[in-house]
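Each ligand, and each atom within it, is numbered from 1 in the order the structure gives.
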Amino acid sequence: MKSIIKAIPFTVLIVLSIFAQIGGYNIGAFKLYAVIIGAVLIINMMLAVLLKVKDYFLFGTTSVAILGILSVLFVPLLGEVYIRNITTGLYIGLFIVAFFPPIFKMNPFTYQFSENNYPKIITQSKQFFKINLIINYIWAVLFAMAIVLTKVTYSDNNIVQTILAITVPLAPQLIIGIPATKKLPVILMQTVKGARLHFSSIKELFEAMPLGLNKKRSAGVDALIQFMLTGKEPANGYMEIKNQKCTYTDGIHKNPKTIIKCDSELWLKISNNEVSGDLAFMKKEYEVQGDMSVLLDLNRLFSNEKEEAKTIKNNESEEKFEYKKFGPDKIKNIVVFDGGPRSDKLSKTTFMVKHFCEGAKQADANVEYIRLKDKEIKPCTGCFMCWTKTPGECVHKDDMTDLRKKYREADLVVFASPLYIFSVTGIFKNFMDRMLPIVKPYMLLSEQGFTMHPDRFPELGEQGFVVFSAAGFPDIEHNYDGISSMFRLLDKHSENIHMMGEFYLPAAETIVQPFYKSRKDEIKEACHNAGVQIVKEGKVDKKYMRIISDTGFSKETFKDQANNFWESLEDKKSFLTEIPKL
Ligand SMILES: Cc1cc2nc3c(=O)[nH]c(=O)nc-3n(C[C@H](O)[C@H](O)[C@H](O)COP(=O)(O)O)c2cc1C
């Protein structure tokens with residue numbers, strides 16, 4: 001009923017303009033129509049007031065019609081102008097309705113239309129208002145276009161002209177305006193920045209979720225989550241994310257991929273970001289069955305860009321560094337120097353390197369894995385005997401003699417060290433210091449202006465190296481500056497060994513938790529693929545480095561999780577039983 005009331009003035013005016021044109025704009029004949037139509041519009045307005053239809057579109061079109069009818073009845077000169085320009089007048093009215101109210105801080109006229117198609121929680125948001133403002137001005141432009149199009153002469157034939165003068169101005173509205181009003185809110189919800197919605201009930205949350213899906217990030221996601229909520233607002237319903245669309249259905253699905261059993265109040269708090277979902281899960285405050293990987297993604301899938309800025313950024317300087325590329329058939333022999341003190345099972349650096357090596361072996365490279373902690377490596381004495389009295393030989397007779405040979409003979413050297421105090425471990429640094437004998441004491445200047453020592457074994461040709469390092473902090477920037485600078489400088493100040501890639505894994509200790517299984521799998525795959533690629537193509541794509549360095553969660557989430565973990569240990573006997581004194 002309300003839609004009919006809204007449509008009546010517009011339709012009546014269009015019909016009237018046809019009669020006016022067919023009747024040769026005869027004001028005398030038009031007076032009768034004017035009275036009838038005036039009466040219809042007045043009744044329509046009364047009904048609108050009774051049914052509380054608050055609509056600028058209705059007021060705009062009715063006002064234009066009433067003004068026209070009054071002029072036809074009482075000011076014939078003006079009336080004649082009006083009946084010759086009914087449709088133009090109609091669009092002028094609509095343009096005014098679209099253009100002016102927002103300037104005076106009133107709701108955009110499209111608001112009332114789109115309001116009916118979206119849940120209240122969405123329509124009350126600032127994003128939705130902004131979106132409507134955009135659509136509103138699209139309509140203002142369309143109405144301005146229509147004003148012009150009503151004045152165009154399309155044909156000499158009166159009937160053809162009448163039809164075209166009405167249909168042509170209408171066409172852009174039907175082709176652009178109506179689809180834009182329907183589709184744009186869903187599209188723009190993901191791009192217009194705004195505060196996160198705050199849900200006051202589970203009902204609101206589930207109504208809004210399908211509209212809040214971040215299309216870009218949901219590419220390739222195929223999830224079916226069954227919610228079983230208990231407590232204050234019990235609800236059973238399932239959410240399906242597929243083909244970049246999200247749907248929510250009440251009830252129980254026969255075959256969900258993930259089941260979430262949670263207290264409704266807690267789930268609301270998690271959804272409103274008042275409680276960390278990861279943390280609550282780890283505290284066993286809710287239960288998840290089936291594929292848990294989607295949980296890690298939920299926040300990302302339903303978050304806006306502003307929040308994304310809070311997640312850890314990739315190493316920006318990585319973009320600026322030119323990694324060495326050799327091309328196929330270069331990397332055949334690989335040696336790994338792992339400088340971590342932990343066991344293979346515990347070390348996250350080793351985890352990455354092992355998968356890199358498996359990829360390299362699969363591509364037919366020979367790999368030798370050396371654990372520096374098991375080797376005898378005395379610290380450098382700084383005597384420079386390796387440059388003076390015994391060139392190329394160190395005063396220490398330990399495992400380094402063999403390691404130096406392996407180092408210089410490899411096509412690719414893998415430097416692996418956990419991040420210790422923003423740099424490599426002591427074990428690793430000792431090893432690096434003892435590499436001095438492989439260069440000569442003379443000085444060279446590179447083309448880029450870096451001072452270098454000449455290679456003692458240039459006949460062995462150029463080598464590549466890659467770096468792997470796991471860190472505790474979730475930060476890439478600043479945390480990894482030291483280690484990255486060290487290896488970049490090694491690249492710049494070396495004649496024959498150059499860096500092909502850096503693999504930095506922040507927040508490394510989290511990957512063993514079941515919750516982060518999908519991230520662990522991603523890292524494993526990226527390392528493996530990088531290993532295959534370096535052998536097959538003689539280069540490493542940056543995307544593999546990025547996959548490893550992008551945690552996908554915010555530092556805030558990390559902080560909460562870590563603190564919770566340490567707190568959870570406080571009651572345990574083996575931890576924090578006594579406070580050590582310095
Ligand atoms: C002595 C020491 C120093 C550390 N310094 C840092 C550091 O500067 N930055 C950081 O993010 N993590 C630091 N960590 C944490 C480790 O990098 C983290 O535990 C990492 O997972 C170790 O790698 P791994 O698993 O290969 O042994 C340090 C750990 C230790 C034991």
Original post:
Are Phe415 and Val466 close enough, and set up right, to give a side chain to side chain contact (heavy atoms under 4.5 Å, CB included), and what steps lead you there?
Top reply: CA-CA 6 Å; Phe415 294 126; Val466 287; over 6 Å; no
**OP:** With side chain to side chain donor-acceptor pair (under 3.5 Å) as the test, would you mind laying out the steps for Ser484 and Glu502 before giving the verdict?
**Re:** CA-CA 8 Å; Ser484 182; Glu502 299 169 277; 2.7 Å; yes
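Side-chain atoms of Tyr286 and Asp263 include no donor-acceptor pair closer than 3.5 Å. Looking at Thr557 and Gln561, their side chains never bring a donor and an acceptor atom within 3.5 Å of each other. Under the 3.5 Å distance criterion, with hydrogens and angles disregarded, a donor-acceptor pair is assigned to the side chains of Gln533 and Asp541. A donor atom on one side chain and an acceptor atom on the other are found under 3.5 Å apart for Gln362 and His528.
Counting protein heavy atoms only, atom 30 (C) of ligand 1 is closest to Tyr420 CE1, 3.5 Å. Here the protein heavy atom with the shortest distance to atom 8 (O) of ligand 1 is Phe422 N, 2.8 Å. Looking from atom 20 (C) of ligand 1 to the surrounding protein, the closest heavy atom is Ala470 O, 3.7 Å. Protein heavy atom at the shortest distance from atom 13 (C) of ligand 1 is Leu419 O, 3.2 Å. With respect to atom 21 (O) of ligand 1, the closest heavy atom belonging to the protein is Glu509 OE2, 3.1 Å. Given atom 9 (N) of ligand 1, the protein heavy atom at minimum distance is Asn479 OD1, 3.1 Å.
Against a heavy-atom cut-off of under 4.0 Å, Ser347 is close to the following atoms of ligand 1: 24 (P), 25 (O), 26 (O), 27 (O). Within ligand 1, counting atoms from 1 as listed, the ones closer than 4.0 Å to a heavy atom of Ala508 are 21 (O). Shown in contact with Thr349 at under 4.0 Å from a heavy atom are these atoms of ligand 1, numbered in order with element: 23 (O), 24 (P), 26 (O). Interface atoms of ligand 1 facing Gly472, defined by a heavy-atom separation under 4.0 Å, are 10 (C), 11 (O), 12 (N), 15 (C), 16 (C), 17 (O), 18 (C). For ligand 1, the atoms closer than 4.0 angstrom to any heavy atom of Ile421 are 3 (C), 4 (C), 5 (N), 6 (C), 7 (C), 8 (O).
Contacts between Arg342 and ligand 1, counted as non-hydrogen atom pairs separated by less than 4.0 Å, involve the side chain only.
The six-membered or imidazole ring of Phe356 lies near that of Phe468, with a centre-to-centre distance under 6.0 Å. Taking the six-membered ring for Trp, Tyr238 and Phe227 have ring centres at least 6.0 Å apart.
Ranked by closest heavy atom to atom 22 (C) of ligand 1, the top entry among Ser343, Ala416, Pro418 is Pro418.
A cation-pi arrangement is found for Lys354 relative to Tyr369, the charged atom lying closer than 6.0 Å to the ring centre and inside a 45° cone about the ring normal.
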